[in-house]
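Letters A, B, ... are given to chains in the order of the sequence lines, protein chains preceding strands, and every chain is numbered from 1. Keep in mind that the numbers below use all heavy atoms, side chains included, and drop hydrogens, waters and symmetry copies. In this text, all values refer to a predicted model and were calculated from it rather than measured experimentally.
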Protein chains: 4
Amino acid sequence: MPSTTAILLLVCRDTPGIVAALTGFILENRGNLIDCDFHNDAESQMFLGRLEWKFDDSALCRDDLRSRLSTVCSRYDGRFELHFSDVKQRIAVFCSKQDHCLLDLLQGSQLADTNYQIALVVSNHETLRPIVDSHSIPFVHTPVTRDIKAAAEARHLELLAEHKIDLIVMAKYMQILSGTFIAAFPNVINIHHSFLPSFAGAKPYHQAHARGVKLIGATAHYATEDLDCGPIIEQEVVRISHRDSVEDLVRKGKETERTVLARAVRLHLLRRVLTYGNKTVVFA
Amino acid sequence: MPSTTAILLLVCRDTPGIVAALTGFILENRGNLIDCDFHNDAESQMFLGRLEWKFDDSALCRDDLRSRLSTVCSRYDGRFELHFSDVKQRIAVFCSKQDHCLLDLLQGSQLADTNYQIALVVSNHETLRPIVDSHSIPFVHTPVTRDIKAAAEARHLELLAEHKIDLIVMAKYMQILSGTFIAAFPNVINIHHSFLPSFAGAKPYHQAHARGVKLIGATAHYATEDLDCGPIIEQEVVRISHRDSVEDLVRKGKETERTVLARAVRLHLLRRVLTYGNKTVVFA
Amino acid sequence: MPSTTAILLLVCRDTPGIVAALTGFILENRGNLIDCDFHNDAESQMFLGRLEWKFDDSALCRDDLRSRLSTVCSRYDGRFELHFSDVKQRIAVFCSKQDHCLLDLLQGSQLADTNYQIALVVSNHETLRPIVDSHSIPFVHTPVTRDIKAAAEARHLELLAEHKIDLIVMAKYMQILSGTFIAAFPNVINIHHSFLPSFAGAKPYHQAHARGVKLIGATAHYATEDLDCGPIIEQEVVRISHRDSVEDLVRKGKETERTVLARAVRLHLLRRVLTYGNKTVVFA
Amino acid sequence: MPSTTAILLLVCRDTPGIVAALTGFILENRGNLIDCDFHNDAESQMFLGRLEWKFDDSALCRDDLRSRLSTVCSRYDGRFELHFSDVKQRIAVFCSKQDHCLLDLLQGSQLADTNYQIALVVSNHETLRPIVDSHSIPFVHTPVTRDIKAAAEARHLELLAEHKIDLIVMAKYMQILSGTFIAAFPNVINIHHSFLPSFAGAKPYHQAHARGVKLIGATAHYATEDLDCGPIIEQEVVRISHRDSVEDLVRKGKETERTVLARAVRLHLLRRVLTYGNKTVVFA
């Protein structure tokens with residue numbers, strides 16, 4: 001059985017001695033450091049760090065560790081998080097009619113070493129209910145139109161609380177989340193079917209075909225109020241040619257979409273992604 | 001010694017029977033067909049084709065072949081070109097201060113199987129003269145400022161005629177060609193240091209860094225009056241991370257730029273690129 | 001609704017005039033040529049060709065077309081096949097315990113534009129029965145041990161005939177097919193979890209980890225009597241580092257395996273793969 | 001002007017507290033940590049670490065730093081190295097007749113941010129002398145045949161000492177170095193024109209062509225007595241098809257070779273490569 005690890009994330013003003021202080025603290029409390037990654041962002045003068053250590057022989061219980069670390073980190077006046085690798089995270093998948101990303105996430109959730117479960121699926125269509133039912137996962141159909149969008153989002157927030165959701169994954173959910181919603185629940189990963197910032201907005205494969213590019217791509221990013229402008233987590237491309245119709249682009253692109261989304265979700269769940277400004281640090 | 005091949009390019013209205021007519025003609029005249037690529041563009045109803053055959057045992061001399069083929073192709077009322085593989089093409093490289101693309105093209109021109117020579121280098125700076133001199137290639141320095149741009153371009157057109165240039169390669173030439181110039185000499189390949197259409201215009205690496213993308217790229221395209229909007233020939237990307245400064249992006253990007261430009265030039269010289277509208281067909 | 005196309009495959013001794021003869025024949029019979037790919041293999045002096053044309057306005061019915069084409073092709077004394085794009089091909093998936101390739105093929109079979117159905121699943125384990133049952137596909141469990149291998153293979157051949165199978169896909173089937181079996185049913189695609197010829201045989205991820213390579217890969221090939229030596233259809237790689245354990249290689253590799261296998265199956269079904277000697281021509 | 005950094009490499013038995021001790025030491029001596037990478041190898045129980053910090057405000061001079069760090073590291077009973085980023089490293093390029101890797105290394109040595117100089121070129125042929133002369137770099141021609149190999153290698157070792165060489169780069173040097181030579185001078189990077197361990201030994205492109213692989217590659221590794229078996233630093237691949245002759249593979253492969261070799265040399269010079277057993281850790 002693999003060790004439980006503790007993972008510390010810290011985003012703060014860059015100050016000499018942070019790493020020495022944290023690694024010293026971990027050592028004192030019988031944590032066996034297995035990873036230490038950090039980034040000093042030159043422009044913003046920020047420190048963004050991630051430390052991971054084996055928790056099995058810890059001198060402190062989880063609550064005490066959190067409390068003591070909080071004190072250490074408070075010196076640096078930043079954002080601090082502590083996670084444990086044995087806590088399975090709960091995902092709500094938001095989708096519409098396309099199934100390839102949902103199916104891929106369902107497959108991933110069944111792997112032996114997975115660290116998440118899909119606890120809820122929300123859709124503005126009934127199309128994917130049978131697939132979700134067959135996995136015995138709650139499926140909630142909430143139609144969304146302009147008039148009832150605010151009510152639908154309020155209902156979604158209730159559902160997220162009720163199902164104790166940690167992360168929303170927009171798996172080809174063809175709706176824009178409002179700024180209010182994202183302010184209330186900011187942990188949202190979206191997949192866009194283009195190599196952003198190229199072809200933002202609607203019908204990116206049509207745009208790519210019209211422009212005659214030789215590579216198409218997909219981009220996983222945190223959703224923000226500004227459509228397709230959130231911090232990018234992961235991108236990948238695939239080669240196309242003049243022989244490919246728009247339909248071929250859609251088919252080839254789907255493979256890339258599901259791969260990119262799966263990688264981004266995995267990195268997020270492993271607590272390897274930190275955001276600053278509109279960008280991410282990915283400790284891969 | 002490799003065979004001389006004849007290469008026919010034909011762009012016309014799509015009509016049944018073109019390939020049968022052309023392959024029949026080639027067979028009758030003792031050409032041994034080695035390649036036959038074509039594309040029927042559904043939207044524009046265009047036929048874009050490329051046929052290549054061994055010319056060694058041809059029943060016709062070059063001029064007769066051209067004249068007879070011209071008659072055959074005139075039925076289709078399109079654009080027709082005939083090339084022979086043993087004709088070395090003459091390139092003028094336009095550059096400014098950066099040397100990586102120029103050096104790569106010079107290297108390529110020395111390979112045994114190369115089908116081009118660099119017959120002229122034009123620059124708006126003196127920086128790269130020593131390199132060009134060491135290869136005994138004419139180097140012409142023509143400063144370009146707003147006031148004298150028209151005169152400089154007129155001088156360039158004279159030079160192109162004088163040196164019998166077939167193709168201009170803009171190897172990091174930091175000047176925009178006027179519509180007048182491109183109308184007079186349309187065979188111009190440019191390399192842009194981004195994955196177009198992302199980050200068109202100035203300072204694409206700065207733009208990419210600010211946006212936090214995870215892949216950067218380069219795009220080789222035919223130059224048109226509209227900056228960075230011409231038909232794309234080839235694109236490639238390279239992975240970056242938060243650790244990469246703008247300087248790192250420049251360094252990593254240069255490797256991609258020279259590779260993409262070299263591939264595009266090679267494809268053009270092998271007569272494997274056809275344009276239609278603002279797009280290319282690349283028979284690779 | 002898309003047009004039905006006819007696809008001609010021809011492998012024969014290279015002779016001048018084949019393409020002209022075939023395109024002429026197609027034209028005469030009111031076929032609208034949409035693709036013509038061929039390869040003249042210099043070493044073996046073989047012609048390997050694929051022609052595709054719209055069949056909707058054909059002057060001949062399918063049987064007459066086949067009979068007439070057979071006569072045309074008999075001049076070249078080779079292997080000739082004629083296929084029609086509207087015939088759904090029937091696949092038998094052979095698997096053991098791992099599900100990622102099977103799941104991917106099932107997903108693919110549900111796409112709107114797919115041209116195959118999974119008509120049978122054979123396994124030497126019961127593990128994957130529930131998944132297959134949920135798709136209402138016949139699942140046959142036939143244990144294989146040394147003593148009963150011949151009997152099991154005989155049973156498999158009966159099943160293939162009974163279910164009118166066109167193609168076997170070994171989706172992580174951890175058994176070696178005998179030469180007898182492959183002689184009786186040669187259309188078998190296998191996926192090997194390494195970048196062949198590196199790490200043939202058992203435990204390729206362990207071998208890759210021990211050697212310290214920086215990329216791992218997967219290889220789809222036609223199964224032959226010689227393990228992992230059949231004609232290669234498609235390969236792909238993924239980057240790894242010293243941080244990746246053997247388990248990480250397995251996880252990363254699975255994504256590559258399913259992608260490579262899906263591409264190879266698709267290319268085969270579109271009749272884009274021809275074999276000669278121990279190699280393939282892939283008209284992609 | 002960029003800061004001078006100090007780089008500590010440590011390879012030792014894995015022991016709790018190493019990182020805390022080293023980061024603590026660096027902090028005490030007014031070093032500003034900018035990078036801390038390490039790997040705990042589960043199988044060998046080894047710690048392999050690299051720490052980098054700004055040296056500009058160091059409380060200690062270089063010699064004192066080295067002496068004090070040596071004391072700290074001696075606790076862990078391993079291999080310890082200290083480097084400074086402002087020391088330009090001296091490379092000897094060994095080559096034969098092919099120029100593409102040599103030209104690329106020469107180009108790289110002229111970049112503004114480069115940290116190496118080519119101080120010597122050794123070749124068993126005269127072919128590349130003019131290129132090297134034009135860069136005013138000493139070129140030594142030493143023919144190597146079986147009878148005089150030992151004498152040639154002895155001469156090479158003298159030259160390395162005389163020119164204070166830090167690293168040998170075998171840029172398509174078509175000779176095998178003896179075990180004696182490598183024992184005397186172990187810092188040798190070689191480039192092999194295949195995706196090792198596939199196609200080790202002679203004529204890898206011919207082997208790849210015969211096997212019908214769909215990707216070819218190149219591998220940069222440290223040279224060892226066993227040909228093509230040393231620790232791998234970097235690998236890359238490029239796609240090929242049945243259309244590519246052996247000559248095409250050579251041409252496409254060369255682009256990959258020079259790219260892979262340049263990356264490996266860069267990583268080595270930045271002290272980002274550590275070896276253990278027959279493998280490398282690359283802190284990229």
Is there a donor-acceptor pair closer than 3.5 Å between any side-chain N or O of A/T15 and the backbone N or O of A/R13?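 At least one qualifying donor-acceptor pair exists.
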
Contacting moiety of [X], where chain B heavy atoms sit under 4.5 Å:
X: A/K214; value: both
X: A/A210; value: backbone
X: A/T280; value: both

Non-hydrogen atoms of A/L196 and B/V213 that approach each other most closely: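 Minimum heavy-atom contact is O-CG1, 3.7 Å.
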
Ignoring hydrogens, what is the shortest heavy-atom contact between B/A21 and B/R75? Give both atom names and the distance.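 Nearest pair, atom of B/A21 first, then B/R75: CB-NH1, 4.1 Å.
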
Interface moiety of B/L48 toward chain A, non-hydrogen atoms closer than 4.5 Å: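 Neither the backbone nor the side chain of B/L48 comes within 4.5 Å of chain A.
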
Need one label for B/E43: side chain, backbone, both or neither, based on atoms under 4.5 Å from any heavy atom in chain A.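 Contact with chain A involves the side chain of B/E43 alone.
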
I'd like to verify something: which residue of A/R211, A/Q207, A/R239 has the highest number of heavy-atom pairs under 4.5 Å with chain B?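 Top count of heavy-atom pairs under 4.5 Å with chain B: A/R211.
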
For each of A/T219, A/V282, A/I233, tally heavy-atom pairs with chain B at distances under 4.5 Å, and name the one with the top tally.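 The answer is A/V282.
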
Give the ring-plane orientation class for A/H39 versus A/Y276, where under 30° counts as parallel, over 60° as perpendicular and anything between as tilted.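 Answer is tilted, since the angle falls between 30° and 60°.
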
Are the charged groups of B/D41 and A/R243 less than 4.0 angstrom apart, N to O?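 Here B/D41 does not pair with A/R243 in a salt bridge, since their nearest N and O are not under 4.0 Å apart.
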
Would you indicate whether the side-chain heavy atoms of B/E52 and B/H83 approach each other to under 4.5 Å?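 The answer is no, as the side chains (C-beta and beyond) never meet within the 4.5 Å cut-off.
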
